[in-house]
Amino acid sequence: MLMKSLFRDTGALGASVRMLARSKAPVSQRAGLASLSRRFALGSGVVSQSLRAKSASFSRFSRLSGFSGLGSRKFGSSSALRNAAAAAKVTPEMANSVKTSNVVAYWLIGTSGLVFGIVVLGGLTRLTESGLSITEWKPVTGSLPPIGQAEWEEEFAKYRDSPEFMQLNSHITLDEFKFIFFMEWAHRLWGRAIGAIFIAPAIYFAVTKRSSPHVNKRLLGLTSLLGLQGFLGWWMVKSGLDQEQLDARQSKPTVSQYRLTTHLGAAFFLYMGMLWTGLDILKENKWMRNPAEAGKLLKALDNPVLGPMRKIAVGLLAFCFVTAMSGGMVAGLDAGMIYNTWPKMGASWFPNGRELMDPHFARREDKSDLWWRNLLENPTTVQLVHRTFATAAFFGVLAVHMYALKHKAAMPRNAQKTVHALMGVVTLQVALGIFTILYVVPTPLASTHQAGSLALVTAALVFANQVRKPRASVRTMINSGFAQNLVNKTANSGSKIMSEASKLTR
Ligand code: HEM
């Protein structure tokens, strides 16, 4: 009864506010209405005195009055939405935060798959030593490969001027050059394709309001990261083409391991950002469609056992990422070509201290850079660092797996499955790493090992996402029982506002 009257009255209140917002009512009047809505919400007895419940009532109010992302399309202009939301102390974030179309989520997850693919292709480009074959960066005109003999000869002539040709590849023929050119060209073309497939739909979704402002901010961040990634790719290649830089590093013509790892790290971030956002959208939409189920899940997520698990899951994701980056350093220094034994490194468990902290790697006279230069530039030490991180990652996942098994009852079902998958992937990844070392980095194994690192990060990310509590706005809405009650009441209420609002929750 109480609920019935609450919804009836809130509906009427929402209608009045909508009218006020449309009629550009004076601010004082709108503020008065906001305070009325506040008193109303607090006096209803349905919501508690807590601040969280207050914000739930404002979310409820904003949705019933049509002031949500979807509502703004149907009921009013975005400035009316902003004004009314501000007057009612419903932040635009809260008012608009819930609904983003599932299509946006599928597109994000699909694009993250393309990023996965380009990381693997990038690894193949490096492993086939093709990455320095294109000596210029032409973001637009470079989309087309040379056409006809004359253009190929011209391109080959540029390559013949590069340090890589002069010092390592002076024997290669035009046909062999064509192969390495096409590897690098395909990598760059794939990058351009990801740019187009990401940016054009992102604009479309934002303009047509299929994505909420909250998601739009993330799309903007991901677009910037995508642009940065293209630049980082060229910045990396430049380090292998510029003889001065090679001299400074005292290196053969290869790219800097720092730049390779930065490029790899940015790709991982892009991948994780797309996947995380896509999963968030799907999850929230699912909750809004089925508030009763979501309520149960929220209750399960409130279990105190999951408190530490949430932090551990994020920590584990970060650790897997760092381990992958240490692998990038190994790849950048070709450090997998030495110490091709496991578990020992050569005849002993660890190389001797003199080799691990070789003074030749220090560049300062006082040798104050001895430690960090060896950790990041000495192939022996870098390999040992990667082995150490990998071992720690394996035991970290094992510990989480055991902890999850111990608290099985408290874990959401899907998280239980993911933690098993995580255990499987980390075992496979360690095995791939070991075989990559034992067989002295054959391309198929090394490439699968690289793909495995992304698979591991994927499993860790999905797990962290599953045990995470939802965003505040969704949480307060579902916790208040609002969505469930709304759906129940709508069936026979006959109220237009109620049926409009209930659609928002489906
Ligand atoms: C959690 C476990 C591991 C992760 C996440 C991981 C990740 C990575 C990544 C991302 C790379 C760079 C690939 C590239 O850019 O081409 C790499 C390279 C490498 N890793 Fe691992 N790795 C793990 C375990 C291991 C283990 C246990 C070993 C051996 C004992 C190993 C040996 C290597 C070697 C030799 C390379 C260089 C391959 C190349 O030159 O392409 N890894 N790793």
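As the structure lists them, so they are numbered: ligands from 1, and atoms in each ligand from 1. One is the number of the first residue; the rest follow in order along the sequence.
Listed by number with element, the atoms of ligand 1 under 4.0 Å from a non-hydrogen atom of Ala446 are 41 (O). Counting the atoms of ligand 1 from 1 in the order shown, those under 4.0 Å from a heavy atom of Gly336 are 35 (C).
Ranking the protein heavy atoms by distance from atom 36 (C) of ligand 1 puts Val330 CG1, 3.6 Å first. Considering only non-hydrogen protein atoms, atom 38 (C) of ligand 1 sits nearest to Val441 CG1, 3.9 Å. For atom 17 (C) of ligand 1, the closest non-hydrogen atom of the protein is Gly327 CA, 3.4 Å. In this structure, atom 14 (C) of ligand 1 lies nearest to the protein heavy atom Gln450 NE2, 3.1 Å. Nearest protein heavy-atom neighbour of atom 26 (C) of ligand 1: Gly433 CA, 3.7 Å. Nearest protein neighbour of atom 24 (C) of ligand 1, counting heavy atoms only, is Ala390 CB, 3.3 Å.
Residues Phe182 and Trp152 bring their aromatic ring centres within 6.0 Å.
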Practice task
Take Met309 and Phe463 through the side-chain contact (heavy atoms from CB on, under 4.5 Å) test and state the conclusion after the steps.
Solution key: CA-CA 10 Å; Met309 186 57 100; Phe463 180 61; 3.8 Å; yes
Handout entry: Phe269 and Phe321: CA distance, side-chain angles, deciding distance, ring pair (Phe, Tyr, Trp, His ring centres under 6.0 Å) verdict
Key = CA-CA 9 Å; Phe269 264 112; Phe321 173 79; 5.0 Å; yes
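Evaluated by nearest non-hydrogen atom to atom 6 (C) of ligand 1, the leading choice among Arg387, Gln429, Met337 is Gln429.
Counting non-hydrogen atoms of other residues, nucleotides and ligands closer than 6.0 Å to NE2 of His420 gives a total above 12. Taking a 6.0 Å sphere around NZ of Lys406, one finds it holds 12 or fewer heavy atoms contributed by other residues, nucleotides or ligands.
The side chain of Leu127, and not its backbone, has at least one atom closer than 4.0 Å to an atom of ligand 1 (non-hydrogen atoms only; side chain from C-beta on). Contact annotation: for Ala324 versus ligand 1, heavy atoms closer than 4.0 Å belong to both the backbone and the side chain. When non-hydrogen atoms are compared, ligand 1 lies under 4.0 Å from the side chain of Leu456 (C-beta onward) but not from its backbone.
Here atom 21 (Fe) of ligand 1 is the vertex; the NE2 atom in His449 and the NE2 atom in His386 give an angle of 180° (to 10°).
With Gln416 contributing its side chain and Met411 its backbone, the two residues share a donor-acceptor pair below 3.5 Å. Under the 3.5 Å distance criterion, the side-chain polar atoms of Gln229 are matched with a main-chain donor or acceptor of His263.
Side-chain N/O atoms of Glu355 and Thr380 include a donor and acceptor closer than 3.5 Å.
Remark: Asp334 engages Lys252 in a salt bridge, criterion side-chain N to carboxylate O under 4.0 Å.
In this structure, Trp342 is part of the shell of residues with a heavy atom less than 4.0 angstrom from ligand 1.
Checked by distance only, ligand 1 and Arg126 come closer than 3.5 Å through their nitrogen or oxygen atoms. For a threshold of 3.5 Å applied to N or O pairs, the pair formed by Thr323 and ligand 1 contains no separation below that value.
Atom CZ of Arg249 sits about 9.5 Å away from atom CG of Asp242, to the nearest 0.5 Å.
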